[in-house]
2 protein chains.
Amino acid sequence: MKVSTRFSDSIHLLTFLVIYKGKTTLSSNIIASSLNTSPVVVRRLMSNLRDAGFIKTTHGSPDTELLREPKDISLLEIYLATEGKSPLFAIDHETNPDCIVGGNIQPTLTDYFSHAEIAAEAVLGKISLQDVIDTILVKEAAKKQAENSKEE
Amino acid sequence: MKVSTRFSDSIHLLTFLVIYKGKTTLSSNIIASSLNTSPVVVRRLMSNLRDAGFIKTTHGSPDTELLREPKDISLLEIYLATEGKSPLFAIDHETNPDCIVGGNIQPTLTDYFSHAEIAAEAVLGKISLQDVIDTILVKEAAKKQAENSKEE
DNA sequence: ATACTGGTAATTAGATAAGTTACATGATTT
DNA sequence: AAATCATGTAACTTATCTAATTACCAGTAT
């Protein structure tokens, strides 16, 4: 896996806020147990999401609030807020400038790779947090249904 | 950067083989100086490219050969041969199965993320090694031109 | 007041990639 | 045939990054 779990964890966190709002205390401890990680990691994710303007947190109190509508939040925005600083495809090297290849490959690949990255981001831009929530709820309903029909 | 330099280095290596064929000894030492890395790293890249069927190498002799036409090799194929084992976007966690979110988010995101990955790969699939070579040669020619006009 | 809770720094641990050393083996040159 | 140069790999070291952990401060709520 090339992209860290911060991205998927952030989506998970935001989804949790929506689905469990009013049903559970939205503390970093409880969220951490859903994510199966430590509360500190959750708080770090929350700090980042707060700085990016997705949520409002209250120091000392677990009343975290989503500030925007799930249907208006794209996975791309979450991606950019969590991982988007560095490019997806790396061209780290200082290649040899005296070589025809080494002297020209960096801008060449940077350009081509950015096309690929933009394509991936375009897809993420069309998926909303609401889409994720809806899919999860559909899957959960299907699970329940499967359980019920088993009992009969 | 999320994807290692093996991908870009492999493209660099293959491009070098084409552009410098017959003009230089294609030894791992010489290629390494273009890539600005060590010969062992180059040999490791070559081993991988050989196993993937792109090149033929000869133990003891630097007569490495490209086995396929550059116009028929896409960057996607090189990507898959060098980095394609693991998905681009990670969902590493064993999330809590007793939670509506934790119990359903993994397949949900796996699905959405694969769409993004496929979009990126589709772009890479349309770029050929020949495209890279052509772009590099054009840039090199432009450099030479700029130098000449400066001298006048 | 006391017990939770968020905020954050500092440290540790684990994974991965790249560079390095070393050496075996094949090819080439003289 | 011997010496040289090449590839093929294994083993080790470094560097970097992520995540987990520990610890502590500060705010909230009962």
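Quick caveat: nothing in here was measured; it's all calculated off a predicted structure.
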Asker: Quick check on contacts: within residues 93-108 of chain A, what sits under 4.0 Å from DNA chain D by heavy-atom distance?
Answerer: none
Asker: Please give me every residue in residues 37-48 of chain B whose heavy atoms get under 4.0 Å of an atom in DNA chain D, ordered by residue number.
Answerer: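 The stretch gives V40(B), R43(B), R44(B), S47(B) as the residues lying under 4.0 Å from the strand, ordered by number.
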Asker: Mind checking whether F7(B) and F113(A) have parallel, tilted or perpendicular rings, split at 30° and 60°?
Answerer: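 Rings of F7(B) and F113(A): parallel, under 30°.
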Asker: Test side-chain hydrogen bond (donor to acceptor under 3.5 Å, both in side chains) on Y20(B) and S34(B); report intermediate values, then the result.
Answerer: CA-CA 11 Å; Y20(B) 281 98; S34(B) 172; over 6 Å; no
Asker: Under 4.5 Å between side-chain heavy atoms, counting indirect links through other Ile/Leu/Val/Met/Phe/Trp/Tyr residues: same cluster for V42(B) and V18(B) or not?
Answerer: yes
Asker: Heavy-atom count check: over 12 atoms from other residues, nucleotides or ligands less than 6.0 Å from K56(A) NZ?
Answerer: yes
Asker: Quick one: D63(A) CG to dG27(D) P, roughly how many Å, whole number?
Answerer: 16 Å
Asker: Is there any protein nitrogen or oxygen under 3.5 Å from a nitrogen or oxygen in nucleotides 4-6 of chain D, and what are the pairs?
Answerer:
residue : atom : partner : partner atom : Å
dA6(D)  : O4'  : G60(B)  : O            : 3.4

Asker: In a check of side-chain hydrogen bond (donor to acceptor under 3.5 Å, both in side chains) between S61(B) and each of D63(B), T57(B), T58(B), which one passes?
Answerer: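 Per the side-chain hydrogen bond (donor to acceptor under 3.5 Å, both in side chains) rule, the option paired with S61(B) is D63(B), out of D63(B), T57(B), T58(B).
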Asker: Is there a donor-acceptor pair closer than 3.5 Å between any side-chain N or O of T5(B) and the backbone N or O of S8(B)?
Answerer: no
Asker: Round to the nearest Å and state the distance from I91(A) atom CD1 to dA17(C) atom C1'.
Answerer: 17 Å
Asker: Over 60° means perpendicular and under 30° means parallel, so classify the ring planes of Y112(A) and H115(A), tilted if in between.
Answerer: perpendicular
Asker: From CD1 of I31(B) over to P of dT7(D), roughly how many Å is that when rounded to an integer?
Answerer: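 My rounded result for the distance is 8 Å.
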Asker: Categorize T64(B) for me: base, sugar-phosphate, or nothing, with a 4.0 angstrom heavy-atom threshold over every strand shown.
Answerer: nothing
Asker: NZ of K126(A): more than 12 outside heavy atoms within 6.0 angstrom?
Answerer: no
Asker: Among the clusters formed by ILVMFWY side chains lying less than 4.5 Å apart, do I30(A) and L35(A) turn up in the same one?
Answerer: yes
